[in-house]
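The block underneath contains the structure these notes are about, expressed in structure tokens.
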Amino acid sequence: MRPVRAGNAFEETVERLLQAIKLGVVPPGHKLPPERELAVQLGISRVTLREAIRALSDAGYLDVRRGRYGGAFVTYVPPKPDAGDLRQAVNEMGMAELSDALTFRLAVECGAAQVLAASELAEDRRAVLTRRLAELNGAGLEDYRRLDTAFHLSIAELTGSTLLATTCADARSRVSDLLNAIPMLQVNLDHAAVQHQAIVDAILAGDPEAARQAVAEHLEGTAALLRAFLS
């Protein structure tokens, strides 16, 4: 939630909030941060923020409740995985744009893992990474994609670079609808768990090259699964 640009404050605020909702940063049924806090984070007026929230409420992504326990609650729930939806999303995007999005994600997530592995990680940051992995490993199918996103984004966030964290969130959001549409196969989830563990082990061991390779192998596997369901 970095500050938005003044020229298109309303449009960019809608984009930021929608990205947070679709990526599961704010899960279904939970509410956005308090209006005052969110306006400061985004560097906008509360009037602009209210307009953006109203637009997302009208579009069915938020439920705005008044009163002491009120707020803007997320109502968006990702659709159930469906190979037909995947093909439709790719057709709308185009194969060239899909390839570009996957390359972009590969570059920024590999880079984030390298940077984090080369850092002096304090115990609290190491604990965050291992907790994110444990939460993902314990996730049910209904919450897997959200916690998978949280795990991947935490790697960039833990570098301390706001720009890198924002870029990784942008890269993930470009393919989030596609990832949500991939049917979740247990054998694939088991394989992903091994790959996630390899990423964490390399980062905690302070091995940038091993971290890069582990992320690359994992993301290339996801790309291969996408292509398999499109063939």
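If you read the sequence from its start, that first residue is 1, and numbering goes on from there.
- With hydrogens and angles ignored, the 3.5 Å screen pairs no side-chain donor or acceptor of Ser99 with any backbone N or O of Ala96.
- Counting all heavy atoms, side chain and backbone alike, Ala165 lies closest to Ala156 at CA-CB, 3.8 Å.
- Put simply, CG on Leu17 and CG on Leu42 are 6.0 Å apart, with the number rounded to the nearest 0.5 Å.
- Take Pro27 and apply the side-chain contact (heavy atoms from CB on, under 4.5 Å) test, not counting sequence neighbours, and it matches His30, Arg146.
- Between Leu136 atom CG and Arg131 atom CZ the span is 13.5 Å, to the nearest 0.5 Å.
- Side-chain contact check for Ile203 versus Leu121: some heavy-atom pair is nearer than 4.5 Å.
- Clustering ILVMFWY residues whenever any of their side-chain heavy atoms sit less than 4.5 angstrom apart, transitively, puts Phe151 in a cluster other than the one holding Val115.
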Apply side-chain contact (heavy atoms from CB on, under 4.5 Å) to residues Glu109 and Ile155 and explain how you reach the verdict. CA-CA 8 Å; Glu109 290 205 22; Ile155 294 173; 6.0 Å; no
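- When every heavy atom of Gln19 is checked against every heavy atom of Ala169, the shortest pair comes out as NE2-O, 3.7 Å.
- Between Leu102 and Thr222 there is no side-chain heavy-atom pair separated by less than 4.5 Å.
- Under the 4.5 Å side-chain contact rule for hydrophobic residues, Phe10 and Val47 do not share a cluster.
- Note that OG1 of Thr167 is 14.5 Å distant from CZ of Arg105, once rounded to the nearest 0.5 Å.
- Closest non-hydrogen pair, Arg145 versus Arg172, comes out as O-NH2, 3.9 Å.
- The distance from the NE2 atom of His218 to the CG atom of Leu106 is 11.5 Å, given to the nearest 0.5 Å.
- Closest heavy-atom contact between Ala72 and Ile53: CB-CG2, 4.0 Å.
- To the nearest 0.5 Å, atom CG of residue Leu116 and atom CD of residue Glu157 are 11.0 Å apart.
- Applying the side-chain contact (heavy atoms from CB on, under 4.5 Å) rule to Arg54 yields the partners Glu51, Asp58; only residues at least two apart in sequence or on another chain are considered.
- Atom CG of Leu23 and atom CG of Leu18 lie 9.0 Å apart (nearest 0.5 Å).
- Side chain of Thr75 to backbone of Tyr61: a donor-acceptor contact under 3.5 angstrom is found.
- Looking only at distances, a side-chain donor or acceptor of Arg125 sits under 3.5 Å from a matching main-chain atom of Leu158.
- A continuous path of hydrophobic side-chain contacts links Leu38 to Tyr76 [ILVMFWY only; heavy atoms under 4.5 Å].
- Of all heavy-atom pairs spanning Ala52 and Thr13, the tightest one is CB-CG2, 3.6 Å.
- The hydrophobic clustering, which links ILVMFWY residues whose side-chain heavy atoms are closer than 4.5 Å, places Phe73 and Leu32 apart.
- Put simply, the side chain of Asp148 reaches to within 4.5 Å of the side chain of His152, judged on heavy atoms.
- Residues Val74 and Val64 share a single hydrophobic cluster, defined by chaining ILVMFWY side chains whose heavy atoms lie under 4.5 Å apart.
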Using side chain to side chain donor-acceptor pair (under 3.5 Å), reason through Glu209 and Gln213 one step at a time and then give a plain yes or no. CA-CA 6 Å; Glu209 180 55 25; Gln213 290 180 353; 3.0 Å; yes
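- Residues that satisfy the side-chain contact (heavy atoms from CB on, under 4.5 Å) test with Val40, not counting sequence neighbours, are absent from this structure.
- Of the possible polar contacts, one joining the Arg126 side chain to the Leu204 backbone as a donor-acceptor pair under 3.5 Å is found.
- A side-chain donor-acceptor contact under 3.5 Å links His196 to the backbone of Ala192.
- The two residues Ala193 and Asn137 come nearest to each other via the heavy atoms CB-OD1, 4.0 Å.
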